[in-house]
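Note: hydrogens, waters and symmetry copies are ignored here, and every other heavy atom, side chains too, is used.
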Amino acid sequence: MTLPIPPISTSVKQEIHDYTLITLALCMYAFGLTCFMLPYQITTGGVAGISSIIYFATGFEVQWTYLFINVAFLVAAVIELGWRFCIRTIYAVLMLTFITWAFQRIFEDAEGNLPRWVGDEAFMACVIGAIIEGAGLAICFSANGSTGGTDIIAAIVNKYKNISLGNIIMFCDIIIISSCYFVFHDPRRMVFGYVCLILSALTLDYMLNRRRQSVQFLIFSRNYRRLADEINSTGRGVTVLDGTGWYTKTERKVLVVIAKKSESMNIFRLIKYIDPYCFISMSNAQGVYGEGFDKIKAKQLTNKHPLVFATNNAHKLEEVRAMLGDLFEIRSLDDINCHAEIPETGNTFAENALLKAQYVKRFYGFDCFADDSGLEVEALGGAPGVHSARYASEEGHDAEANMTKLLHEMEGKENRRANFRTVIAFVSDLHEPKFFEGRIEGQILTERRGEGGFGYDPLFVPDGYDITFAEMTAEQKNAISHRGQAMASLVDYLNAGKA
Ligand code: ITT
């Protein structure tokens, strides 16, 4: 069974933009390395640092060591983290190898010596080189790229341990730079290396944060309605707070606007145009999180094992989190940034569940389970079965239309027996998937009853009950449902430590 490579981004234009920026960033990085670091024997961090040390000790050109080490790391990364993480990194590693090689050929003199453009001022070279490298890294990261190397180690360690990427990278860099002492036996070289590390990190942070800087406005204006409307029309949100001017004891409205720093001029223009005499305060916001701004990166402090549940159905995710959330950290496809439409082209529930779980394991590296479920109606020869989601239309997931079609097909049928069935595929080893099944028997009603649940729930009354799934609480349904049963078997399996 061959699976398609997942779409890496929804927009090709965005991809081209990102790859162009990454290439530019790599040129800057290679320029800093070739023209400022290598000629002055300054060791940087990361794999480039290890490669430089080997170059200083043996003369073996940096790009080849860089390539060999990264290939080894990348193989580990593909196995541990999946393809998606690696595609841009593979591009960056190959490109940086090539550009570093090309820059050495371009800049070296007839004897093969690299240029020493700032004479004997090694410290100056260190400052210039670090700033160029830091700026290159910032551009690369802002285009979601990576230069491989210690980033890979950090990402792998981060998958298993809750240690921040920054700390892991710093730890690796300190070891690498310190080890240049064994080549030069000169502590000054180590100091140059640390200065370079700090300066490039500062440049990197400065450049990345500059783009993200946000400001907060508090605007006290009598014409607040018009101002709020106009600011809203630029796409920025506005909140109106009630206040009291204490001197006059009159009610005042206060507008709160949080915006990117780059938008502030525009906002000032609007304010000046609408109410030039209003009172405003503008302050830098240390961090802004939420829609249109940053995502909260803080990880839950949990030692629960992460498992991906491969579904796009928010109701199913909610049900499964309620069932497994105490034991495992259940991540959704959205949580792992998987927005691909995973093909469900199998003929059975088991085949479809396996397709989804394998897709995630193969391309994203996470242990994953997926279910495929459906309603099987005896009088309809087992239909809608695997076609349950798309019973009424190819676009699928129109529960109302599906139920209307089912009621239509069942008109005049005496036998209203049906069952819901779920098959879960769990993949922690691509070649040894495990399957768990759940099934609940019941009857199809002649009309909808209840508001809860999803899909065909309002039409299904399980045996032994006189209410539909849609009339039950989530706990009641989960305790007996097909998915609940299959999930219970999966939990037993995971708890038995076989995962
Ligand atoms: P994913 O494939 O993204 O997980 P889906 O909605 O397509 O989401 P399934 O293929 O497992 O999920 O289920 C197919 C349809 O079967 C689903 O859209 C519902 O119409 C129906 N179904 C499954 N489980 C159900 C339940 O517990 N209650 C009611 N209808 C259910």
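Using modelled atom types, one finds no donor on one side chain facing an acceptor on the other under 3.5 Å when comparing Thr100 with Tyr29.
To the nearest 0.5 Å, atoms CZ (Phe309) and CG (Leu317) are separated by 7.0 Å. Remark: Thr446 OG1 to Lys413 NZ distance equals 14.5 Å, nearest 0.5 Å.
Qualifying salt bridge (charged side-chain N to carboxylate O under 4.0 Å, His left out) partners for Asp463, counting only residues two or more places apart in sequence or in other chains: Arg417. Shown here are the ring pair (Phe, Tyr, Trp, His ring centres under 6.0 Å) partners of Phe469, two or more places apart in sequence or in another chain: Phe420, Phe460. Qualifying ring pair (Phe, Tyr, Trp, His ring centres under 6.0 Å) partners for Tyr206, counting only residues two or more places apart in sequence or in other chains: none.
Using a 4.5 Å heavy-atom cutoff, the side chains of Asp372 and Val423 are not in contact. Taking the side chain as every heavy atom from C-beta outward, Leu307 and Leu494 approach each other to under 4.5 Å.
The pair Arg331-Glu329 meets the salt-bridge criterion, with a side-chain N (NZ, NE, NH1 or NH2) lying under 4.0 Å from an Asp/Glu carboxylate O.
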Anything under 3.5 Å between a donor and an acceptor, one on a side chain of residues 403-412, the other on a protein residue two or more places apart or in another chain? List them.
residue : atom : partner : partner atom : Å
Thr404  : OG1  : Glu400  : O            : 2.8
Thr404  : OG1  : Arg448  : NH2          : 2.9
Lys405  : NZ   : Tyr391  : O            : 3.1

In residues 434-442, what donor-acceptor pairs under 3.5 Å come from side-chain atoms, sequence neighbours left out?
residue : atom : partner : partner atom : Å
Glu437  : OE2  : Arg421  : NH1          : 3.0
Arg439  : NE   : Glu441  : OE2          : 2.8
Arg439  : NH2  : Asn419  : OD1          : 3.4
Arg439  : NH2  : Glu441  : OE2          : 3.3

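Sorted by first and then second residue, the pairs that involve residues 16-29 and meet salt bridge (charged side-chain N to carboxylate O under 4.0 Å, His left out), not counting sequence neighbours, are Asp18-Arg88.
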**Message:** Show, in sequence, the C-alpha distance, side-chain angles and deciding distance for Ser332 and Asp335, and conclude whether the side-chain hydrogen bond (donor to acceptor under 3.5 Å, both in side chains) test is met.
**Reply:** CA-CA 5 Å; Ser332 65; Asp335 291 334; 3.3 Å; yes

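Of the residues listed (Leu26, Leu94, Leu33), the one engaging Ile99 in a side chain to side chain contact (heavy atoms under 4.5 Å, CB included) is Leu26, and it is the only one.
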